[in-house]
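Reading through the structure tokens given below for one structure.
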Amino acid sequence: QFWAGFAPPQELRQWWRRLADPSLWPNERLFFEIYAQALQGRPGTTGLLEDVVDAWVDRVIELDLVIPGRTAAEARAEARLGVAVIRGLLLDLLATGDRPAVDAALERYIALQRLL
């Protein structure tokens, strides 16, 4: 049974542990750096913007990681929200290094999603 918004809580936690692994931080910092450069229109980086959101959202939809019975628009909005939350938490972690606080925010997101 899939959980509201993004994935079952245990899968979301597992995915978060993988993303939050300090060994990945250099690559993730590079991702956000290129993302910021693309947003500023730096030549050679703007192609990233073509599917930097939709590719992830499409994958969430493809894997049926949203509540069954949602309209296509609702499913897409839920998937986009999940991607945005995870990316935002990752950016927070990279900026602050405060793993306990970011983990607590993830748990709060999971709890809020269960209310849907």
Side-chain angles (χ1 to χ4, degrees):
Q1 175 182 2
F2 286 111
W3 159 76
F6 205 66
Q10 66 278 8
E11 288 184 27
L12 185 56
R13 288 181 188 108
Q14 181 180 4
W15 189 42
W16 175 249
R17 281 191 299 274
R18 183 169 174 234
L19 284 175
D21 184 330
S23 71
L24 296 179
W25 291 4
N27 293 339
E28 293 162 347
R29 286 186 182 107
L30 179 60
F31 168 77
F32 284 115
E33 172 65 23
I34 294 171
Y35 203 155
Q37 293 294 319
L39 291 171
Q40 294 177 38
R42 183 176 181 184
T45 64
T46 56
L48 176 70
L49 299 178
E50 293 173 13
D51 70 351
V52 73
V53 174
D54 287 335
W56 285 46
V57 169
D58 291 344
R59 185 69 176 145
V60 170
I61 299 289
E62 177 183 308
L63 294 172
D64 293 324
L65 297 180
V66 292
I67 294 176
R70 296 286 195 227
T71 67
E74 290 170 335
R76 190 152 197 85
E78 287 178 12
R80 189 179 203 104
L81 176 60
V83 169
V85 167
I86 294 301
R87 285 186 179 171
L89 290 174
L90 182 57
L91 187 58
D92 180 333
L93 179 61
L94 294 172
T96 67
D98 191 346
R99 180 69 185 268
V102 178
D103 286 352
L106 176 70
E107 290 302 319
R108 183 67 184 142
Y109 175 66
I110 290 170
L112 290 171
Q113 289 298 308
R114 288 182 174 166
L115 298 176
L116 294 179

- Message: With side chain to side chain contact (heavy atoms under 4.5 Å, CB included) as the criterion, how do Asp58 and Arg76 come out once you've worked through the C-alpha distance, each side chain's angles and the decisive distance to 0.1 Å?
- Response: CA-CA 8 Å; Asp58 291 344; Arg76 190 152 197 85; 2.8 Å; yes
- Query: What do the steps show when you test Leu106 against Leu12 for side chain to side chain contact (heavy atoms under 4.5 Å, CB included), and what is the final call?
  - Reply: CA-CA 9 Å; Leu106 176 70; Leu12 185 56; 4.1 Å; yes
- Query: Given the rule in the side chain to side chain contact (heavy atoms under 4.5 Å, CB included) test, do Tyr109 and Leu81 qualify, once you have shown the distances and angles that lead to the verdict?
  - Reply: CA-CA 11 Å; Tyr109 175 66; Leu81 176 60; 4.1 Å; yes
- Message: For Leu93 and Asp98: C-alpha separation, side-chain torsions, deciding distance, then whether side chain to side chain contact (heavy atoms under 4.5 Å, CB included) applies.
- Response: CA-CA 6 Å; Leu93 179 61; Asp98 191 346; 6.0 Å; no
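Here the closest non-hydrogen pair linking Ile110 and Pro9 is CG2-CB, 3.9 Å. Between Leu24 and Arg18, the closest heavy-atom pair is CD1-O, 3.1 Å. In terms of heavy atoms, Pro26 sits closest to Pro22 at CD-O, 3.7 Å. Heavy-atom minimum distance, Thr46 versus Ala38: CG2-O, 3.8 Å.
Partners of Gln37 by side-chain contact (heavy atoms from CB on, under 4.5 Å), not counting sequence neighbours, listed by chain and number: Glu33, Arg42, Thr45. Scanning for side chain to side chain donor-acceptor pair (under 3.5 Å) contacts around Arg99 gives Asp103, with sequence neighbours left out.
Side-chain contact check for Asn27 versus Phe31: every heavy-atom pair is 4.5 Å or farther apart. At a threshold of 4.5 Å between non-hydrogen side-chain atoms, the residues Trp25 and Glu28 count as touching.
Leu30 and Tyr35 fall within the same hydrophobic cluster, defined by Ile, Leu, Val, Met, Phe, Trp and Tyr side-chain heavy atoms under 4.5 Å apart, directly or through other members. Note on Leu39 and Trp56: same hydrophobic cluster, where clusters join Ile, Leu, Val, Met, Phe, Trp and Tyr whose side-chain heavy atoms are under 4.5 Å apart, directly or indirectly.
Within a 6.0 Å sphere centred on CD of Glu107, heavy atoms belonging to other residues, nucleotides or ligands number more than 12.
A donor-acceptor contact shorter than 3.5 Å is absent between the side chain of Asp51 and the backbone of Asp54. Here the side chain of Trp15 pairs no donor or acceptor atom with the backbone of Gln10 at under 3.5 angstrom.
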Sequence neighbours left out, cut at 3.5 Å: what donor-acceptor pairs do the side chains of residues 83-91 make with other protein atoms?
{"unit_1": "Arg87", "atom_1": "NH1", "unit_2": "Val52", "atom_2": "O", "d": "2.9"}
{"unit_1": "Arg87", "atom_1": "NH2", "unit_2": "Val52", "atom_2": "O", "d": "2.5"}

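Distance CZ/Arg29 to CZ/Phe32: 11.0 Å, rounded to 0.5 Å.
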